[in-house]
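Letters go in sequence order (proteins before strands), and every chain restarts at 1.
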There are 2 protein chains.
Amino acid sequence: MLDRLGDKWTTLVLLVLAGGPRRFSALGRAVPDISKRMLTQTLRELERDGFVTRHVFPTKPPSVEYRLDALGHSMLEPLAALVAWAERNHAAVAAARTRYAASEAAGHGP
Amino acid sequence: MLDRLGDKWTTLVLLVLAGGPRRFSALGRAVPDISKRMLTQTLRELERDGFVTRHVFPTKPPSVEYRLDALGHSMLEPLAALVAWAERNHAAVAAARTRYAASEAAGHGP
DNA sequence: CAGGATCCCTTCCGATACTG
DNA sequence: CAGTATCGGAAGGGATCCTG
């Protein structure tokens, strides 16, 4: 189950849907670099697990809207906490990587 | 960066290290089904990103201890919140999957 | 004990083409 | 518009063997 939260796209899609219902193509535009294939797959999994509901409007051409339901909203808070942490600390991580790269070069070099 | 938290093993290793410093083999035993290969790789990434520090004791045979440093500890709280959420809601997810499987069978069947 | 190197099979995923 | 189907390359990761 933690695997799904760990999925690269799942989190991004959820964060977009946190801003309100979105249509398939709107999600595609809001989540950069996601392919139709992965967007479909991600949405199917989220629907399957009860995080989002899918509404089909039988217009022509058809449009489909996805929205978070109660379960999806409930996990938004802990998720947002983690995202907030990541934003606060990404600089520290970047610094750590620089230090690590430097010690790597020093330790294994000629 | 969120990718790394999304990694299957990273979270599990971090949660074990939350209980205190551990040696390499102890981690291997504490995280079921992780291979030496993946444990090494996961620890390298965590070290690289400044979440854990690595202490080598020049005994014979050598032993290596990993422990969370400040950055690692700081992310434990949001992570724990997410894990707590998962534990509270895994039943709801399981129920959603059952419903989904049922509607799948009904919708696409003969 | 801790971990690097290699092999090799599996899964993931993007590109492309087609449909209701 | 919102998908589905198929293919092929790229990446993930286990098994095994080797070293300090």
Side-chain angles (χ1 to χ4, degrees), chain A residues 1-13 16-17 20-49 52-67 100-101 103-105 107-110, chain B residues 1-13 16-17 20-49 51-67 100 103-105 107-110:
Chain A
M1 177 167 174
L2 295 166
D3 328 7
R4 181 128 302 101
L5 300 178
D7 183 64
K8 178 180 179 183
W9 301 116
T10 300
T11 303
L12 296 174
V13 170
V16 172
L17 286 175
R22 293 282 189 281
R23 291 178 49 183
F24 183 86
S25 55
L27 285 168
R29 271 176 263 112
V31 181
D33 296 332
I34 194 172
S35 62
K36 283 195 308 180
R37 189 181 190 279
M38 292 316 295
L39 181 55
T40 300
Q41 181 177 317
T42 301
L43 287 169
R44 284 290 170 282
E45 288 168 351
L46 288 173
E47 189 193 358
R48 182 178 80 117
D49 291 354
V52 308
T53 50
R54 180 170 177 269
H55 294 276
V56 181
F57 299 99
T59 57
K60 188 186 155 183
S63 79
V64 180
E65 185 185 84
Y66 294 88
R67 72 173 67 209
Y100 186 84
S103 62
E104 275 286 282
H108 302 310
Chain B
M1 177 166 174
L2 295 166
D3 329 7
R4 180 127 304 99
L5 300 178
D7 184 63
K8 177 181 178 181
W9 301 116
T10 300
T11 303
L12 295 173
V13 169
V16 172
L17 286 174
R22 293 285 190 279
R23 292 179 48 184
F24 183 86
S25 55
L27 285 168
R29 271 176 262 113
V31 181
D33 297 331
I34 193 172
S35 63
K36 284 194 310 180
R37 190 180 189 279
M38 292 317 295
L39 181 55
T40 300
Q41 181 177 316
T42 301
L43 288 169
R44 285 290 168 281
E45 288 168 350
L46 288 174
E47 188 193 357
R48 182 177 80 118
D49 291 352
F51 286 70
V52 308
T53 51
R54 180 170 176 268
H55 294 275
V56 181
F57 298 100
T59 56
K60 188 185 155 181
S63 78
V64 180
E65 186 186 83
Y66 294 88
R67 72 174 66 210
Y100 186 84
S103 64
E104 275 286 283
H108 302 309

| note | Taken to the nearest 0.5 Å, the spacing of B:Thr10 OG1 from B:Glu45 CD works out to 6.0 Å
| message | For the CZ atom of A:Arg54 and the CG atom of A:Leu43, what is their distance to the nearest 0.5 Å? | response | 9.0 Å
| task | Could you check if a side-chain atom of B:Tyr100 sits within less than 4.5 angstrom of a side-chain atom of A:Arg44, using non-hydrogen atoms only? | result | yes
| said: Suppose we screen for ring pair (Phe, Tyr, Trp, His ring centres under 6.0 Å). Which residues come up paired with A:Tyr66, at least two apart in sequence or across chains? | reply: none
| field | 5' to 3' contact window, DNA chain C with chain A (heavy-atom distance under 4.0 Å) | value | C:dC13 to C:dG20
| query | Which ones in residues 31-43 of chain B lie close to DNA chain C, meaning a heavy atom under 4.0 Å from one of its atoms? | reply | B:Lys36, B:Arg37, B:Thr40
| request: Give me the residues of residues 51-59 of chain B where at least one heavy atom lies under 4.0 Å from an atom of DNA chain D, by number, or none. | output: none
| note | Taking every heavy atom of A:Lys36 against every heavy atom of A:Phe24, the minimum-distance pair comes out as O-CZ, 4.0 Å
| query | OH of A:Tyr66 versus C1' of D:dC1: gap in Å, rounded? | reply | 11 Å
| request: Please state how far atom CD in B:Glu45 lies from atom C1' in D:dG13, giving the value in whole angstrom units. | output: 13 Å
| request: Could you tell me which residues satisfy side-chain contact (heavy atoms from CB on, under 4.5 Å) with A:Val31, sequence neighbours excluded, listed by chain and number? | output: A:Trp9, A:Leu12, A:Val13, A:Val16, A:Ile34
N/O contacts under 3.5 Å, protein versus nucleotides 8-10 of chain D?
none

| said: Expressed as a whole number of angstroms, how long is the span from B:Asp7:CG to D:dG12:P? | reply: 9 Å
| field | Contacts of A:Pro62 that satisfy side-chain contact (heavy atoms from CB on, under 4.5 Å) - sequence neighbours left out | value | none
| Residues in salt bridge (charged side-chain N to carboxylate O under 4.0 Å, His left out) with B:Asp7, at least two apart? | none
| note | Axis-to-axis angle for the helix from C:dC1-D:dG20 to C:dG20-D:dC1, ends of five pairs each, to 10°, equals 50°
| request: Enumerate the residue pairs fulfilling side-chain hydrogen bond (donor to acceptor under 3.5 Å, both in side chains) with a member in residues 20-34 of chain A, sequence neighbours excluded, ordered by first and then second residue. | output: A:Ser25-A:Arg29
| note | Across all chains, not counting sequence neighbours, the side-chain hydrogen bond (donor to acceptor under 3.5 Å, both in side chains) partners of A:Gln41 are none
| message | Can you list, in residue-number order, the parts of residues 20-29 of chain A that come under 4.0 Å of DNA chain D, counting heavy atoms only? | response | A:Arg23, A:Phe24, A:Ser25
| message | Rounded at 0.5 Å granularity, tell me how far OG in B:Ser103 sits from CZ in A:Arg48. | response | 11.5 Å
| Should A:Leu17 and A:Leu27 be marked as a side chain to side chain contact (heavy atoms under 4.5 Å, CB included) after you check the CA-CA gap, both sets of side-chain angles, and the distance that decides it? | CA-CA 8 Å; A:Leu17 286 175; A:Leu27 285 168; 3.9 Å; yes
| remark: Of A:Lys8 and A:Pro61, the one whose nearest nucleotide on DNA chain C sits closer to the 5' end is A:Lys8
